[in-house]
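We use all heavy atoms of the structure for the numbers below, so side chains are in, but hydrogens, waters and symmetry mates are not. All values derive from a computational prediction rather than experimental measurement.
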Amino acid sequence: MKRQISSLLMISVMLMTIAVVVSCGRDKLPPDYYKIGEDVYAIDNVRIINNGETEGGFNIDLRLYCENGKDFINFRIVSKEAERIPEGSYRDFDGSWIIGYNSNGSYTSMGSISSGSVVIARSYNDGYIIDIDCVDQYSNKVEGYFKGELTAQDENNLVHFVPEYVLPDEIYDEVASIFPIYSGVTPPDMAGEYVSSPHVLIYESYGENPDSIQYYSDRYIGFMYNNKQMNFYGKQYDSIQNKFFEEIQYGVKITGEDDHFTCYYVVDGYPGGYYAQQSFIFSGKKTDEGLEDFHAAVVLLETSGNPDMQPKHSYRVLKDGDGLAEAEDWLSKKSGSPVRKSIDKDLFKMWMK
């Protein structure tokens with residue numbers, strides 16, 4: 001009898017232990033996850049996918065992937081920016097979850113996300129912070145959390161014109177009076193390597209003498225196409241630190257007509273701990289010899305009150321002093337380490353030039 005009671009007690013303890021383990025497994029969520037009903041999925045990576053222009057901006061997919069790459073949750077959002085989704089609470093979206101996605105477009109199961117909110121924030125230390133609180137078509141609660149950096153993916157580098165978030169309306173006419181801006185959907189093929197020499201500052205909006213001429217070190221630029229996107233490569237020498245600063249920017253946007261082009265990219269970061277954002281814009285005419293009438297503009301879009309930076313919407317315009325940024329194979333002849341993506345302090349200090 002005692003043995004039977006002892007066995008029953010052992011079985012009870014085991015069952016209770018299993019119940020606790022299962023319960024803890026359900027309650028203990030991964031640091032980055034999404035949850036559909038009671039099913040939990042650990043997030044491996046998050047991508048921002050630009051699907052091209054639409055009314056009001058760009059069709060952006062915010063896609064959160066599991067490690068297997070076949071299970072993900074997706075929110076299509078209209079963003080004013082092609083490269084990122086601005087901070088805010090989003091309720092107007094086309095959401096869905098997919099299980100067992102295959103490259104041929106088939107899947108095991110899916111559901112549309114019918115209502116709720118996706119809250120996006122940015123942090124100096126943590127990058128993007130995403131909170132998901134939604135409901136799917138089957139009345140399952142869909143929730144999730146992610147903290148980290150996002151991968152940008154661009155399905156189309158072509159735009160009809162330079163958008164307002166790259167060149168604000170408040171200064172558009174002023175900048176356009178000294179910097180050529182083109183629009184259209186038939187720009188030239190920009191693939192190639194060039195050097196702006198002499199690289200000359202011709203206007204500085206915040207300077208005491210804004211149109212005084214200043215000479216800077218040669219500006220090396222290159223454009224390459226990869227997987228439907230145009231990538232920018234840059235290099236410039238810093239005489240103070242006695243070294244070159246180099247940069248790669250993926251998914252550069254372009255507009256223009258025939259041989260004339262305007263292309264741009266936007267950089268954001270936290271120099272000095274303050275959020276900041278600036279756009280780089282290039283214009284000119286593509287020829288066999290290089291980029292004719294080559295101009296470059298840098299616009300400070302946001303400074304968050306950083307006392308070491310110029311006011312918001314300050315800008316500079318530079319150009320090739322002899323009117324032609326000549327073709328030069330500087331990337332293919334480059335020795336040493338490969339071009340790397342610059343860190344915030346490099347981009348916001350050096351690349352104002």
Side-chain angles (χ1 to χ4, degrees), residues 18-51 58-77 79 82-85 87 89-90 93-156 226-229 231 248-251 268 338 340-341 343:
I18 292 171
V20 169
V21 170
V22 171
S23 176
C24 289
R26 288 177 178 174
D27 292 339
K28 188 176 181 181
L29 296 170
D32 301 311
Y33 74 95
Y34 65 86
K35 188 176 179 183
I36 304 170
E38 295 300 317
D39 297 327
V40 178
Y41 302 82
I43 297 172
D44 180 65
N45 68 87
V46 180
R47 299 179 192 174
I48 294 177
I49 304 171
N50 174 27
N51 298 290
F58 298 87
N59 258 326
I60 302 293
D61 283 339
L62 175 65
R63 188 169 297 178
L64 303 93
Y65 282 93
C66 293
E67 187 175 7
N68 63 14
K70 295 185 176 182
D71 303 337
F72 60 85
I73 188 169
N74 189 84
F75 297 93
R76 176 158 291 188
I77 297 171
S79 170
E83 301 85 359
R84 58 186 57 77
I85 302 177
E87 292 184 305
S89 178
Y90 293 85
F93 54 75
D94 181 10
S96 61
W97 53 261
I98 302 289
I99 305 296
Y101 181 81
N102 295 305
S103 57
N104 62 8
S106 64
Y107 49 82
T108 303
S109 59
M110 67 88 66
S112 64
I113 300 175
S114 52
S115 63
S117 66
V118 178
V119 179
I120 298 174
R122 300 254 356 228
S123 166
Y124 173 47
N125 294 317
D126 303 318
Y128 280 87
I129 299 172
I130 301 172
D131 275 296
I132 300 168
D133 185 10
C134 298
V135 176
D136 71 9
Q137 69 184 90
Y138 309 111
S139 299
N140 293 313
K141 187 172 179 59
V142 179
E143 57 186 353
Y145 179 82
F146 174 82
K147 181 168 64 176
E149 292 299 332
L150 310 187
T151 301
Q153 180 177 335
D154 203 333
E155 296 298 330
N156 188 351
N226 184 32
N227 293 330
K228 297 182 180 180
Q229 71 175 13
N231 302 328
I248 301 174
Q249 294 294 328
Y250 302 105
D268 60 356
R340 62 178 177 82
K341 190 171 183 178
I343 58 178

May I ask you to test the [X]-[Y] pair for a side-chain heavy-atom distance under 4.5 Å?
| X | Y | answer |
| --- | --- | --- |
| Y41 | I99 | yes |
| L64 | N45 | no |
| P30 | I43 | no |
| N140 | D39 | no |
| Y128 | V46 | no |

Sub-3.5 Å donor-acceptor pair from the side chain of S79 to the main-chain atoms of R84, do we have one?
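Present.
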
For the atom pair [atom1] ([X]) and [atom2] ([Y]), what is the distance rounded to the nearest 0.5 Å?
| X | Y | atom1 | atom2 | result |
| --- | --- | --- | --- | --- |
| L29 | Y145 | CG | OH | 12.5 Å |
| S112 | D94 | OG | CG | 8.0 Å |
| L62 | I49 | CG | CD1 | 9.0 Å |
| I130 | Y90 | CD1 | OH | 10.5 Å |
| I60 | N50 | CD1 | CG | 4.0 Å |
| C134 | I113 | SG | CD1 | 5.5 Å |

Pairs flagged by side chain to side chain donor-acceptor pair (under 3.5 Å) wherever residues 65-77 is involved - sequence neighbours left out
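Non-adjacent pairs meeting side chain to side chain donor-acceptor pair (under 3.5 Å): D61-N74, D61-R76, R63-Y65, R63-N74, N68-D71.
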
For [X] and [Y], which heavy atoms make the closest approach, and how far apart are they?
| X | Y | value |
| --- | --- | --- |
| S123 | I129 | CB-CD1, 4.0 Å |
| G111 | Y138 | CA-CE1, 4.0 Å |
| K141 | E143 | CE-OE1, 3.5 Å |

Could you go through K147 and D32, starting from their C-alpha distance and side-chain angles, then the distance that decides it, and tell me whether this counts as side-chain contact (heavy atoms from CB on, under 4.5 Å)?
CA-CA 7 Å; K147 181 168 64 176; D32 301 311; 4.3 Å; yes

Test: ring pair (Phe, Tyr, Trp, His ring centres under 6.0 Å). Region: residues 93-118. Which pairs qualify, not counting sequence neighbours?
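Counting only pairs at least two positions apart or across chains, the ring pair (Phe, Tyr, Trp, His ring centres under 6.0 Å) contacts touching residues 93-118 are F72-Y101, F75-F93.
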
Distance-only donor-acceptor hits, side chain of residues 114-122, under 3.5 Å, sequence neighbours excluded:
residue : atom : partner : partner atom : Å
S114    : OG   : V135    : O            : 3.1
S114    : OG   : D136    : O            : 3.4
R122    : NH1  : D268    : OD2          : 2.8

